[in-house]
Amino acid sequence: MAANHQAHEHHRHDEPESDITLRVKALESILVSKGLVDPQALDMLIDTYEHRVGPHIGAKVVARAWSDPAYKRRLLEDGTAAVNELGFPPGPEGINLIVLENTPKVHNVVVCTLCSCYPWGTLGLPPVWYKSPAYRARAVGDPRGVLREFGTELDDDVEIRVWDSSAEVRYLVLPERPPGTERMTEEELAGLVTRDSMIGVAKAKSPKAGARKRPGNGRAEHRV
Amino acid sequence: MAANHQAHEHHRHDEPESDITLRVKALESILVSKGLVDPQALDMLIDTYEHRVGPHIGAKVVARAWSDPAYKRRLLEDGTAAVNELGFPPGPEGINLIVLENTPKVHNVVVCTLCSCYPWGTLGLPPVWYKSPAYRARAVGDPRGVLREFGTELDDDVEIRVWDSSAEVRYLVLPERPPGTERMTEEELAGLVTRDSMIGVAKAKSPKAGARKRPGNGRAEHRV
Amino acid sequence: MNGVHDLGGMHGFGPIPREENEPVFHADWERRMYGIARILLNQRVFTLDEYRHSIERIPPSVYLGAKYYEKWAIGATGLLLEKGIIKPSDLKGVKPINLNPTFSLSAKARGDSIFKHPSRAVKARFKPGDKVIARNVNPRGHTRLPRYVRGKRGTIQFDEGVFALPDANAHGGGMILQHVYSVRFAARELWGPEAPARDSVAIDLWEQYLEPEPARSSNGRGRNGRGRR
Amino acid sequence: MNGVHDLGGMHGFGPIPREENEPVFHADWERRMYGIARILLNQRVFTLDEYRHSIERIPPSVYLGAKYYEKWAIGATGLLLEKGIIKPSDLKGVKPINLNPTFSLSAKARGDSIFKHPSRAVKARFKPGDKVIARNVNPRGHTRLPRYVRGKRGTIQFDEGVFALPDANAHGGGMILQHVYSVRFAARELWGPEAPARDSVAIDLWEQYLEPEPARSSNGRGRNGRGRR
């Protein structure tokens with residue numbers, strides 16, 4: 001079986017890194033010279049999305065909801081307000097956040113089939129896989145196959161609800177709190193909440209499997 | 001408006017002519033060495049489809065139908081048999097040919113949205129445009145727009161019937177006989193029948209516009 | 001636009017390309033491109049609807065072969081050229097990739113905000129629990145009604161508020177304010193009888209994408225398509 | 001398979017690329033590739049159904065960017081490798097492009113003829129004039145039921161005879177013989193109320209792609225979709 005031909009073949013070889021680098025440089029330079037892009041604002045914006053916003057925000061929100069039933073109620077009722085409550089704007093776009101609760105009987109998965117809509121304010125920028133044609137194509141038609149690819153096996157009697165974010169609301173999945181976490185602090189709990197679990201392609205980590213690592217599947221490593 | 005970006009950009013630049021040449025050469029050589037492809041049979045087959053089969057066959061069929069009402073009846077009733085009658089096999093595949101008659105009120109157009117099915121036996125191999133994603137995509141959803149692109153304007157009260165050849169029947173359009181051709185011989189009439197008119201994207205040529213040229217939009221020139 | 005960007009339900013893209021320890025950006029040009037686009041959007045040089053549509057208009061084989069932020073670069077460059085904000089000669093020898101023209105280019109008109117508007121002024125045609133059909137329409141311009149739900153029967157889950165219609169706003173057509181609803185479709189209604197019975201897809205649809213479901217015939221084409229067997 | 005090859009009704013491919021005085025072949029490799037494929041088909045090294053499916057399984061961005069006979073070369077090479085008829089090392093350093101695997105590869109099984117079979121032995125479920133619905137199914141393997149007619153209502157025009165079902169024959173599933181019908185769909189049923197009232201699309205469909213149209217509800221969803229307004 002032809003395993004991973006996607007990775008290299010889907011990038012056209014006629015567009016080497018240096019060409020696209022030149023393309024973006026030319027664009028930046030004309031826009032700066034026309035006064036449409038302020039270089040300082042640009043640097044600040046990049047810094048925000050590369051270093052400040054990320055899945056650690058969502059993890060904090062989830063851990064709070066796991067620890068505080070009243071907060072969880074508010075979060076499910078008005079995601080935007082409840083995330084704001086913790087000091088985070090729900091997204092630069094001023095859009096509404098809706099939080100979807102996973103239970104033993106209902107599993108939610110988020111996708112954007114038409115482009116790449118994603119809750120930037122609570123999860124940062126989406127990973128490549130979320131934006132890939134493969135995920136966008138299959139998440140709505142074959143969510144069980146997709147979850148299996150992520151190592152997430154669900155019983156047949158679990159109802160899967162896929163959310164295709166085609167408008168200006170953004171969705172965040174509230175994963176189930178893993179068993180065996182009764183005595184963990186909120187900060188420890190946040191360490192179990194991965195980005196993938198808040199998109200809905202995975203469950204939160206179980207406490208044995210490295211509870212104390214930072215959330216975000218690589219965010220942490222990248223920052224070091 | 002970005003006019004004709006398709007022509008060059010749709011061919012990937014990472015596959016220069018020489019690469020694909022090597023690819024096919026390697027394939028031919030291993031198949032010949034395994035005895036799966038006989039070089040002489042290969043040459044004969046190529047010669048047949050490059051030089052012997054082509055739209056001049058369809059043109060002959062159409063001209064006969066225009067000249068002989070009894071033949072036309074037989075052609076519309078059983079295309080395969082009627083084409084055979086003139087000495088042409090309806091196609092190497094032994095498939096059935098169905099002939100669709102254009103009238104002042106009904107205009108037929110043929111496409112294959114899933115691949116490139118085409119009446120090889122009566123029209124030869126299809127032109128690039130017939131096999132292009134643009135034609136395959138638009139012929140079923142926007143046939144009037146497609147015809148306009150070919151310079152064919154139809155009145156709103158003309159009914160368009162598109163035929164998507166998705167199985168193993170092949171379709172040939174019998175265009176309307178142009179006015180002013182009453183005294184032309186069958187051979188002269190054949191000169192008015194273009195390949196495009198037998199696909200249904202155009203009408204037959206009017207006798208003023210170069211009646212004596214060979215049919216086939218370029219077949220003739222290529223053979224010289 | 002029934003473009004290759006409308007990917008829901010497609011096959012043939014192979015396994016999902018996952019990357020361990022993925023960085024936020026993979027190269028400096030990605031970083032810059034993200035920031036440039038965000039600033040242009042913040043400053044309303046173009047609207048998000050126009051920008052999305054410019055990316056949809058990238059030639060299909062390029063769209064499917066390009067890296068993510070490469071599409072952002074091609075779309076933004078094309079849109080700025082179309083609007084006359086930059087000229088080809090401004091790009092210092094970099095040849096832009098032409099976007100597919102549509103029946104109505106975004107041109108110089110500036111669209112407006114895509115964000116939530118106060119909903120008092122706009123009446124809602126539907127309420128939660130209403131049965132609806134997503135219209136079977138095939139517009140050549142921008143739309144957020146994907147092919148896989150068209151003609152399918154669903155149920156209104158909740159009202160998301162009032163937003164500008166992308167179909168107009170992407171083409172300089174101004175702000176047509178409508179309610180947007182979360183509509184749930186049974187997987188079997190979308191994909192046929194082999195889909196799991198209880199699974200569903202919810203999607204956010206503008207009011208004009210929907211019409212009320214006509215009353216059922218007595219011999220029962222069920223809402224989720226089971227009646228069609 | 002809902003692949004990019006299923007192009008009916010798509011937008012975004014730009015103008016139709018016409019060429020004046022077009023030769024039958026544009027290069028010698030095209031000539032050779034045409035002949036090679038024809039001989040392999042004639043000799044039943046693979047069936048046309050398997051071959052079509054191999055081309056559908058070319059990675060989408062390659063499929064849409066490749067020249068026509070280039071797709072023939074990629075598909076044939078991939079299929080011969082899958083069947084074990086050639087080995088990668090036979091290709092003398094030319095790196096083959098992997099085809100997308102499907103749930104059931106064509107493997108070593110040889111399919112059989114796609115051509116017309118005597119129809120006496122096989123009963124026909126439909127007759128001319130019958131109202132039918134094209135099934136809403138989304139198989140991951142080969143099929144000749146394109147997406148744009150699924151779930152739509154049409155009328156049987158004529159019976160084309162008995163043929164082997166491609167969905168099976170492309171996967172070594174043997175010869176399932178069925179009637180094939182020419183089915184006509186009103187343009188408005190397919191594309192919505194903005195399509196011209198009298199235009200239609202006829203398409204050739206295997207019997208199992210169809211089911212009888214259930215009797216109409218009294219408040220009238222018309223056959224051509226006008227009732228849906």
Side-chain angles (χ1 to χ4, degrees), chain A residues 3-7 10-12 15 17 20-24 26-28 30-31 36-38 41-42 45-46 49-50 93-96 113-115 124-125 127-129 131-137 140-141 143-144 146 149 156 159-169 217-218 221-222, chain C residues 5-11 13-25 27 29 31-36 38-40 43 45 52 55 64-68 70 73 76-77 86 90-92 94 114-116 144 146 148 160-161 163 180 191 196 198-206:
Chain A
N4 222 351
H5 64 262
Q6 302 297 112
H10 269 205
H11 182 244
R12 289 170 307 130
E15 190 83 42
E17 207 83 340
I20 177 71
T21 300
L22 287 178
R23 192 180 285 278
V24 174
L27 190 61
E28 179 177 347
I30 180 69
L31 291 171
L36 287 165
V37 166
D38 168 359
L42 185 59
L45 214 146
I46 293 169
Y49 280 88
E50 191 160 13
E93 319 88 341
I95 52 175
N96 286 18
T113 62
L114 295 173
C115 50
L125 299 181
V128 164
W129 68 255
K131 304 177 286 190
S132 70
Y135 182 69
R136 290 166 51 193
V140 287
R144 285 175 194 268
V146 167
E149 224 166 280
D156 283 353
E159 175 187 336
I160 295 190
R161 294 184 189 164
V162 181
W163 299 74
D164 185 356
S165 32
S166 51
E168 305 311 335
V169 153
N217 302 2
E221 288 79 351
H222 180 70
Chain C
H5 72 283
D6 187 355
L7 283 162
M10 295 286 289
H11 300 137
F13 290 94
I16 295 161
R18 292 161 68 193
E19 182 182 340
E20 283 295 318
N21 302 328
E22 184 178 335
V24 175
F25 298 110
W29 66 266
R31 230 173 241 118
R32 311 305 290 176
M33 191 57 236
Y34 176 74
I36 291 166
R38 284 294 307 279
I39 288 178
L40 294 173
Q43 302 197 347
V45 174
R52 284 187 182 133
I55 291 170
L64 292 176
K67 293 191 172 189
Y68 181 72
E70 194 179 348
T77 306
I86 61 172
D90 289 336
L91 294 171
K92 299 181 183 151
V94 175
I114 58 164
F115 306 121
K116 202 170 178 172
R144 298 293 282 185
Y148 78 90
E160 299 178 3
F163 297 83
V180 172
W191 313 113
R198 290 143 75 151
D199 292 357
S200 62
V201 177
I203 176 167
D204 313 316
L205 299 176
W206 270 259

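Residue numbering restarts at 1 for every chain, and letters A, B, ... go by the order of the sequence lines. In what follows, every heavy atom counts, from backbone to side chain, and hydrogens, waters and symmetry copies are set aside. Keep in mind that what you see is a predicted model, and the values were worked out from it rather than measured.
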May I ask you to check whether C:Y148 and C:D6 show a side-chain donor-acceptor distance below 3.5 Å? no
For C:L40, is it the side chain, the backbone, both or neither that has a heavy atom under 4.5 Å from a heavy atom of chain A? side chain
To the nearest 0.5 angstrom, please state how far the CZ atom of C:R31 sits from the OH atom of C:Y34. 13.5 Å
Contact part of A:D38 toward chain C, heavy-atom cut-off under 4.5 Å: side chain, backbone, both or neither? backbone
Side chain to side chain contact (heavy atoms under 4.5 Å, CB included) between A:V128 and C:R18, worked out: CA-CA 7 Å; A:V128 164; C:R18 292 161 68 193; over 6 Å; no
Applying a strict 4.5 Å limit to non-hydrogen atoms, the region of A:L31 in contact with chain C is side chain
Does this structure show an ion pair linking A:E159 with A:R161, if we count only N-O contacts that are shorter than 4.0 Å? yes
Of the listed C:A73, C:S200, C:G35, the one with the largest count of heavy-atom pairs under 4.5 Å with chain A is C:S200
Relative to chain A, which of C:R32, C:H11, C:M33, C:K92 shows the most heavy atom pairs under 4.5 Å? C:R32
Pick whichever of A:P143, A:G141, A:S166, A:P127 has the most heavy-atom pairs under 4.5 Å with chain C. A:S166
Separation of C:R144 CZ from C:I203 CD1 (nearest 0.5 Å): 8.5 Å
Between chain A and each of C:I55, C:L91, C:I39, count heavy-atom pairs under 4.5 Å; write down the option with the most. C:I39
Distance in Å, C:R38 CZ paired with A:Y49 OH, rounded so as to fall on 0.5 Å steps: 4.0 Å
A:S165 versus chain C, heavy atoms under 4.5 Å apart: side chain, backbone, both or neither? both
Measure A:L114 against the heavy atoms of chain C and call it side chain, backbone, both or neither at under 4.5 Å. both
Where does C:V180 contact chain A at under 4.5 Å (heavy atoms): side chain, backbone, both or neither? side chain
Chi angles and distances behind the salt bridge (Lys or Arg N to Asp or Glu O under 4.0 Å) call for A:E168, C:R52: CA-CA 13 Å; A:E168 305 311 335; C:R52 284 187 182 133; 2.8 Å; yes
Shorter than 4.5 Å, heavy atoms on both sides: which option in A:V162, A:V146, A:I30 has the most such pairs with chain C? A:V162
CG on A:L27 to CH2 on C:W29, rounded to 0.5 Å: 12.0 Å
